[in-house]
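Only one structure is covered here, and it is reproduced in the block below.
All values below come from the heavy atoms of this structure, side chains included, with hydrogens, waters and symmetry mates left out.
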Amino acid sequence: QVQLVESGGGLVQAGGSLRLSCAASGRSFSMYAMAWFRQAPGKEREFVAAINWSGGNTYYADSVKGRFTISRDNTKNTVFLQMNRLEPEDTAVYYCAADKSVILTTLPSRYDDWGQGTQVTVSS
């Protein structure tokens, strides 16, 4: 089990950028696949991006491909989400999640541990 704490959210104008961080506690962070999800008011939690344990494999939702980049630093137990060219539709609470599987998945139910979320608001 890992404990996850997100940071870096905020208010930004459309076209701007934000970088989210997710700090993990626990000695086995490098064994986990990590992902970002988001949830807008009145909507279901939505997959954004995932990265495998080494950082060598990533996967993105079509809605963010080419604009968002997921990365990780296993020496710092941290995963990042660089968000560029933000759009009002990206407004949501962003959550990071951890999964012990070696296979990347977009299903929230497959992830074992979750952070508390960080709010991202994009104004038009």
Side-chain angles (χ1 to χ4, degrees):
Q1 184 179 10
V2 291
Q3 288 75 47
L4 304 172
V5 179
E6 302 96 334
S7 61
L11 174 64
V12 64
Q13 288 188 332
S17 298
L18 282 174
R19 189 191 197 203
L20 304 183
S21 299
C22 174
S25 62
R27 292 176 293 178
S28 58
F29 172 76
S30 62
M31 297 173 59
Y32 286 79
M34 300 296 296
W36 289 95
F37 289 79
R38 66 187 181 186
Q39 189 165 17
K43 295 188 177 181
E44 293 186 353
R45 193 162 295 191
E46 173 189 29
F47 171 79
V48 176
I51 189 167
N52 74 330
W53 67 274
S54 68
N57 188 21
T58 58
Y59 186 73
Y60 296 92
D62 287 343
S63 58
V64 306
K65 201 172 295 182
R67 299 188 298 123
F68 291 10
T69 302
I70 189 171
S71 61
R72 67 190 297 162
D73 184 342
N74 286 343
T75 66
K76 297 181 179 180
N77 281 14
T78 303
V79 63
F80 305 98
L81 186 68
Q82 177 67 43
M83 306 186 294
N84 298 328
R85 303 200 316 269
L86 282 160
E87 303 168 353
E89 294 73 21
D90 297 316
T91 295
V93 177
Y94 283 70
Y95 299 89
C96 69
D99 176 24
K100 284 188 175 180
S101 173
V102 297
I103 300 174
L104 296 182
T105 177
T106 64
L107 299 175
S109 60
R110 293 289 304 274
Y111 287 83
D112 305 301
D113 302 295
W114 292 82
Q116 83 290 346
T118 185
Q119 176 70 47
V120 171
T121 303
V122 184
S123 63
S124 58

Using atom types as modelled and distance alone, determine if a side-chain donor or acceptor of Asn74 lies under 3.5 Å from a backbone N or O of Asn77.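 Absent.
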Backbone N or O of Leu20 within a donor-acceptor pair of the Glu6 side chain at under 3.5 Å?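 Not confirmed, Glu6 side chain does not pair with Leu20 backbone.
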Arg110 vs Ile103, test: side chain to side chain contact (heavy atoms under 4.5 Å, CB included). Steps then yes/no. CA-CA 10 Å; Arg110 293 289 304 274; Ile103 300 174; 5.6 Å; no
Considering only heavy atoms from C-beta outward, does the side chain of [X] approach that of [Y] to under 4.5 Å?
| X | Y | result |
| --- | --- | --- |
| Tyr111 | Thr105 | yes |
| Glu44 | Pro108 | no |
| Asp90 | Arg38 | yes |

Specify the closest pair of heavy atoms between [X] and [Y], including all atoms of both residues, with the distance to one decimal.
| X | Y | answer |
| --- | --- | --- |
| Ala49 | Tyr60 | CB-CD2, 3.6 Å |
| Tyr95 | Gly115 | CD2-O, 3.6 Å |
| Arg85 | Arg67 | O-NH1, 2.9 Å |
| Ala98 | Val2 | CB-CG2, 3.6 Å |
| Pro88 | Ala14 | CD-CB, 4.1 Å |
| Thr118 | Gly9 | OG1-N, 3.2 Å |

Apply side chain to side chain contact (heavy atoms under 4.5 Å, CB included) to residues Met34 and Leu4 and explain how you reach the verdict. CA-CA 10 Å; Met34 300 296 296; Leu4 304 172; 3.9 Å; yes
Report the relative orientation of the aromatic rings in Tyr94 and Phe68; use parallel for angles under 30°, tilted for 30 to 60°, perpendicular for over 60°.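 Ring orientation of Tyr94 relative to Phe68: tilted.
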Describe, in one word, how the ring planes of Trp114 and Phe37 are oriented to each other, choosing from parallel (under 30°), tilted (30 to 60°) and perpendicular (over 60°).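 Tilted: the ring planes of Trp114 and Phe37 meet at 30° to 60°.
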Cation over ring, Arg72 on Tyr32, under 6.0 Å and within 45°?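 Cation-pi check for Arg72 and Tyr32: fails.
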Would you indicate whether Lys43, at its atom NZ, is surrounded by more than 12 heavy atoms from other residues, nucleotides or ligands within a distance under 6.0 Å?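 No, because the 6.0 Å sphere around NZ of Lys43 holds 12 heavy atoms or fewer from other groups.
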What is the distance from atom [atom1] of [X] to atom [atom2] of [Y], rounded to the nearest 0.5 Å?
| X | Y | atom1 | atom2 | value |
| --- | --- | --- | --- | --- |
| Thr121 | Leu86 | OG1 | CG | 10.5 Å |
| Thr69 | Asn84 | OG1 | CG | 6.5 Å |
| Gln3 | Gln116 | CD | CD | 12.0 Å |
| Asp99 | Asp113 | CG | CG | 9.5 Å |
| Ile51 | Trp36 | CD1 | CH2 | 11.5 Å |
| Arg45 | Leu107 | CZ | CG | 13.5 Å |

When clusters are formed from ILVMFWY side-chain contacts under 4.5 Å, directly or step by step, what else is grouped with Leu11?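 Besides Leu11, the hydrophobic cluster comprises nothing; the residue is isolated.
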Would you please test Ser63 and Glu46 for side chain to side chain contact (heavy atoms under 4.5 Å, CB included) and show each step? CA-CA 11 Å; Ser63 58; Glu46 173 189 29; 4.0 Å; yes
Disulfide bond (SG atoms under 2.5 Å apart) contacts touching residues 45-76 (sequence neighbours left out):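 As it turns out, there is no disulfide bond (SG atoms under 2.5 Å apart) pair with a partner in residues 45-76 once direct neighbours are skipped.
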